[in-house]
Amino acid sequence: MTDNLDPRPDDLSQRVWESIQRDELPPKDDRGRMRVVMNNLILHLHPSKVAKPTLKFTYTWGLGGLALLLVALLSLTGVMLMFVYTPSPEFAYQDMLNLQTEVWFGQLIRNLHHWSGNLLVIVAFLHLLRVFFTGGFKTPREFNWILGIALLLLVVGANFTGYLLPWDQLAYWAVTVGSSLLSYVPLIGEPLRSFLLGGPEVGAATLTNFYGLHVAIIPLTLMGIVSFHIWRVRKDTLSIPHKLDGAVDGTEGGQVEKVTTLPHLVSREFVFALVMTGAILLWSVWVNAPLEAAANPDHSPNPAKAAWYFMGLQELLLHFHPVFGAIIIPALGLGALAFLPYQRFDLSAEGVWFRSAKGRRMALVGALTALIAVPLLVVFDEYALDLPGMLPTPPTLISNGWIPLAALLLLVIGYYDGMKRLFKATACETRQSVFVLLVVSFVVLTVIGVAFRGEGMALMFPWEVL
Ligand code: HEM
């Protein structure tokens with residue numbers, strides 16, 4: 001009778017290794033082992049093969065990957081900052097000063113965290129635009145688009161809560177202005193604001209609350225949703241780029257050619273991540289994150305501005321009743337964004353940048369219209385139009401809320417109808433033009449708020465603001 005011998009190797013280290021790595025026996029040298037670990041990790045994130053056309057850099061511009069890289073950089077530098085930071089008004093500002101002067105590479109780590117956080121807002125927004133303009137949200141990716149919107153909101157929330165932590169004048173007043181937007185929510189606005197701030201105004205309790213949100217609640221939620229998002233990209237596969245005539249590069253016998261993820265996709269991702277990390281590092285070596293004087297609740301700067309990504313909303317507040325500027329218009333915008341992938345979509349437009357040649361021209365018209373009309377409307381409202389004065393009888397909720405909103409919606413509907421007829425376009429191309437009109441309008445409002453508003457939030461040229 002033969003012994004039923006354990007077939008595993010005698011070498012204990014080899015046996016331990018095999019107990020960790022389930023599917024592949026590693027070669028005995030260190031490089032071989034490293035390769036197996038990396039392959040295993042990568043093939044959990046990516047499928048083993050991808051469609052060759054999706055490797056084209058000018059399709060995705062690497063924006064989703066860059067957002068992921070920034071999340072990783074932020075986690076790493078954020079944990080480092082936690083070693084030296086105390087979330088209390090007595091110590092927070094002093095900790096910032098110590099970090100910059102006493103801690104080895106402290107200033108650099110703060111700069112990396114600050115700039116990566118701001119860049120992530122821009123990159124997530126650009127990634128949203130890329131997905132929209134290439135039709136990457138189409139079935140079966142509708143829900144991943146919704147997850148993306150949740151990610152964008154979390155990224156903004158992470159930035160906003162982090163803004164307060166240095167406890168300088170910029171932080172204190174930007175958060176005071178930003179959180180005041182909440183009080184305009186009918187009924188629950190004021191209690192919600194008090195809950196978030198831990199009291200009637202920004203103070204010690206706010207710092208504790210924001211710290212908890214910034215280092216634990218938001219990052220954990222963000223990472224959970226990011227994992228879900230990436231898993232869905234893997235399962236749904238990336239949309240495939242098409243040329244204007246509908247052709248796909250690298251098609252063989254009607255089948256899209258596939259290549260192995262390793263090394264084709266991963267080598268590209270690696271080089272891109274290395275270049276971007278280098279660029280962010282260089283920028284952070286040269287440009288310091290701002291730090292003003294210590295927070296002084298008794299001295300409000302003039303103008304008191306929100307963080308730059310809220311300046312579009314702050315600008316809207318100057319033109320509309322607060323309930324409309326802070327709540328109804330942003331809610332309508334978000335609702336429309338979430339509803340977008342559930343609209344009927346022209347299937348031949350998937351993977352084609354801007355849908356078609358006509359779509360491109362119409363998108364350009366949308367952008368130009370916004371670039372010209374928004375500054376004109378802002379100046380007109382600032383110097384000539386006084387709706388509450390012209391209509392003294394109805395409450396301002398109507399004269400400065402419902403009436404201008406209805407007028408703007410009519411203009412947008414008129415634009416949709418006019419463009420559709422003028423270009424003899426499909427609904428899909430026309431919707432895109434309206435989307436461009438609204439997105440560029442929001443960006444123009446943000447630029448006006450950041451660069452063209454000075455003392456008392458009056459309109460000024462940027463050189464006067466400075
Ligand atoms: C923290 C923020 C985000 C991260 C880390 C992230 C990551 C990624 C990655 C790595 C990809 C695949 C590569 C690429 O398309 O570049 C991707 C695809 C996708 N993302 Fe995001 N994303 C984020 C935010 C968003 C936002 C704001 C949206 C839209 C509202 C969005 C919607 C999508 C969709 C629909 C796809 C599939 C696109 C296609 O198949 O063409 N993501 N994302």
Side-chain angles (χ1 to χ4, degrees), residues 121-122 125 129 156 173-174 177-178 180-181 183-184 300-337 363-392 394-416 418-419 433-466:
V121 178
I122 300 174
F125 181 62
L129 294 185
V156 170
W173 289 101
V177 174
S180 69
L181 299 182
S183 9
Y184 299 118
S300 150
N302 188 359
K305 290 190 181 182
W308 64 266
Y309 36 84
F310 284 147
M311 283 310 298
L313 291 188
Q314 204 180 347
E315 182 62 33
L316 273 182
L317 278 174
L318 296 172
H319 305 285
F320 284 90
H321 185 283
V323 171
F324 281 76
I327 309 299
I328 295 184
I329 297 178
L332 279 177
L334 269 180
L337 209 58
L364 192 66
V365 174
L368 289 176
T369 310
L371 282 172
I372 297 167
V374 174
L376 287 179
L377 282 174
V378 166
V379 171
F380 178 61
D381 188 38
E382 180 94 354
Y383 299 112
L385 189 68
D386 174 21
L387 280 174
M390 287 160 67
L391 305 163
T396 50
L397 193 70
I398 293 179
S399 61
N400 215 20
W402 288 115
I403 291 179
L405 180 66
L408 280 184
L409 286 179
L410 279 178
L411 281 177
V412 173
I413 293 170
Y415 176 87
Y416 179 92
M419 289 294 282
S433 186
V434 173
F435 177 84
V436 174
L437 176 81
L438 297 179
V439 166
V440 177
S441 298
F442 183 71
V443 173
V444 173
L445 284 177
T446 306
V447 172
I448 293 178
V450 170
F452 290 84
R453 291 275 174 196
E455 224 169 271
M457 291 304 273
L459 275 182
M460 289 179 190
F461 286 107
W463 50 92
E464 292 174 311
V465 175
L466 296 170

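Just so you know, these numbers come straight off a predicted model, no measurement behind them.
- For the atom pair L445 CG and Q314 CD, the distance stands at 12.0 Å (nearest 0.5 Å).
- You'll find the side chain of V444 reaches within 4.5 Å of the side chain of V440, heavy atoms only.
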I'd like to know whether L405 forms a side chain to side chain contact (heavy atoms under 4.5 Å, CB included) with L332, so could you lay out the CA-CA distance, the side-chain angles of the two residues, the decisive distance to 0.1 Å, and finally the verdict. CA-CA 11 Å; L405 180 66; L332 279 177; 4.2 Å; yes

Apply side chain to side chain contact (heavy atoms under 4.5 Å, CB included) to residues I398 and L391 and explain how you reach the verdict. CA-CA 9 Å; I398 293 179; L391 305 163; over 6 Å; no

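- In this structure, V439 and F435 have side chains that are in contact, with non-hydrogen atoms separated by less than 4.5 Å.
- Between V374 and F442, the closest side-chain pair of non-hydrogen atoms is not below 4.5 Å.
- In this structure the side chain of H319 never reaches within 4.5 angstrom of the side chain of L377, judged on heavy atoms.
- Note that CG of L411 is 9.5 Å distant from CG of L437, once rounded to the nearest 0.5 Å.
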Just do the side chain to side chain contact (heavy atoms under 4.5 Å, CB included) check on L387 and T396 with the steps written out, would you? CA-CA 9 Å; L387 280 174; T396 50; over 6 Å; no

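- Expressed to the nearest 0.5 Å, how far CE of M457 lies from CD of E382 amounts to 9.5 Å.
- W308 places a side-chain heavy atom less than 4.5 Å from the side chain of I122.
- Here the shortest heavy-atom pairing between S399 and P388 reads OG-CA, 3.7 Å.
- L409 CG to W402 CH2: the interatomic distance, rounded to the nearest 0.5 Å, is 9.5 Å.
- Taking the six-membered ring where tryptophan is involved, the planes of F324 and H321 are perpendicular, since the angle between them exceeds 60° and thus also 30°.
- With rounding to the nearest 0.5 angstrom, the CG atom of L313 is 12.0 Å from the OH atom of Y184.
- Across every non-hydrogen atom of A370 and S441, the tightest pair is CB-OG, 3.6 Å.
- Between L317 and L181 the shortest side-chain heavy-atom distance falls below 4.5 Å.
- Closest non-hydrogen pair, G449 versus R453, comes out as O-CB, 3.6 Å.
- For the pair L438/V412, a side-chain contact is recorded, criterion being any heavy-atom separation below 4.5 Å from C-beta on.
- For Y415 (side chain) and G366 (main-chain N/O), a donor-acceptor pair under 3.5 Å exists by modelled atom type.
- The minimum heavy-atom distance between F320 and P404, with the atom names listed, is CE2-CB, 3.7 Å.
- In this structure, the side chains of V177 and K305 stay at 4.5 Å or more apart for every pair of heavy atoms.
- Summarising the geometry of A363 relative to S433, their closest heavy-atom pair is N-OG, 4.4 Å, with the distance given to 0.1 Å.
- Considering CG of L408 and CD1 of I413, their distance stands at 11.0 Å, rounded to 0.5 Å.
- Looking at every heavy atom in both residues, A174 comes nearest to A307 through CB-N, 4.1 Å.
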